[in-house]
Amino acid sequence: MRLDRTLANSGIGTRSSVRSLIASGGVSVNGVIAKDPGMQVTEADKITCKGVEVGQKENLYFLLDKPDAVLTAMEDPRLSCVGDFIPQELKSKKLAPVGRLDYHTTGLLIITNDGELSHRLQSPKYHVAKRYLVTFEGPSWSEKEIEAVASGITLTDMDTPVKTAPAELSVIDGHNAEITLYEGKTHEVRRIFAHFGKEVIALRRVSLAGLEIDPSCGNTGNIRELTEEEIKLLKSAVRL
Ligand code: URA
């Protein structure tokens, strides 16, 4: 991760105050004064700030199989939310969901305190693949419609028309399909289906950046830590 982000994550200050600190020669990496705020550092590097060692934050990575009727938020005064699935002893670790699934969308949700990874996984710049299983009502998909989704369509259902990025849609049967998006516009799957007169009845994310949800979890609220390989897979998908 970048030196300035690492320091900001460690609570030393904001990104800009940390950059000033680096510019003034106040930060050393492995005993050498750091000049470049964009310098890449890892947990193995010893970072000192005005001579005091900086404790690098422990990064945690979880995969939640989000159930239906759960809000993608860490806290909510009224509704069940994904924060309710985080063990009490980890509540202080600044974990946050990577992006959002709708209240009624189920499936794969990453929860982490690795801000850089989270940012990149959500950025359209990195074209992260997100695959969804969709159950829908309405007319069957035509070849022409599938091609339109593949080229990108213009959604006109909100104040400003918006063009979707190319997406891959494959039909399973008259009521089920799979769609892979490479961006994450608000309610994008539901809106793409609605654009073609189809109503999404159930939506489940089954894969993100090549990471697949455990088929046995089945929308249960199961939560587990990612393995080292899975963390590497996510990071390599966004060039970290
Ligand atoms: N697209 C949607 O419409 N909803 C989600 O929760 C995720 C993608």
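One-based numbering, in listed order, for ligands and for the atoms of each. Sequential numbering from 1 along the given sequence is applied to the chain's residues.
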Is it the case that more than 12 heavy atoms not belonging to Lys91 sit under 6.0 Å from its NZ atom?
yes
Tell me, yes or no, whether the heavy-atom count around Glu89 atom CD, taken from other residues, nucleotides or ligands under 6.0 Å, exceeds 12.
yes
Counting distance only, does the side-chain N/O of Asp65 pair as donor-acceptor with the main-chain N or O of Asn222 below 3.5 Å?
no
Qualifying salt bridge (Lys or Arg N to Asp or Glu O under 4.0 Å) pairs, either residue in residues 163-182, two or more places apart
Arg131-Glu178
Return the set of residues passing ring-ring contact (aromatic ring centres under 6.0 Å, His included) with Phe196 (not counting sequence neighbours), or none when no residue passes.
Trp141
Residues in the immediate environment of ligand 1 (any heavy atom closer than 4.0 angstrom)
Leu101, Asp102, Thr105, Tyr132, His187, Glu188, Val189, Arg190, Leu203
Hydrophobic cluster of Tyr103, others only, ordered by chain and residue number, side-chain cut-off 4.5 Å:
Leu71, Leu79
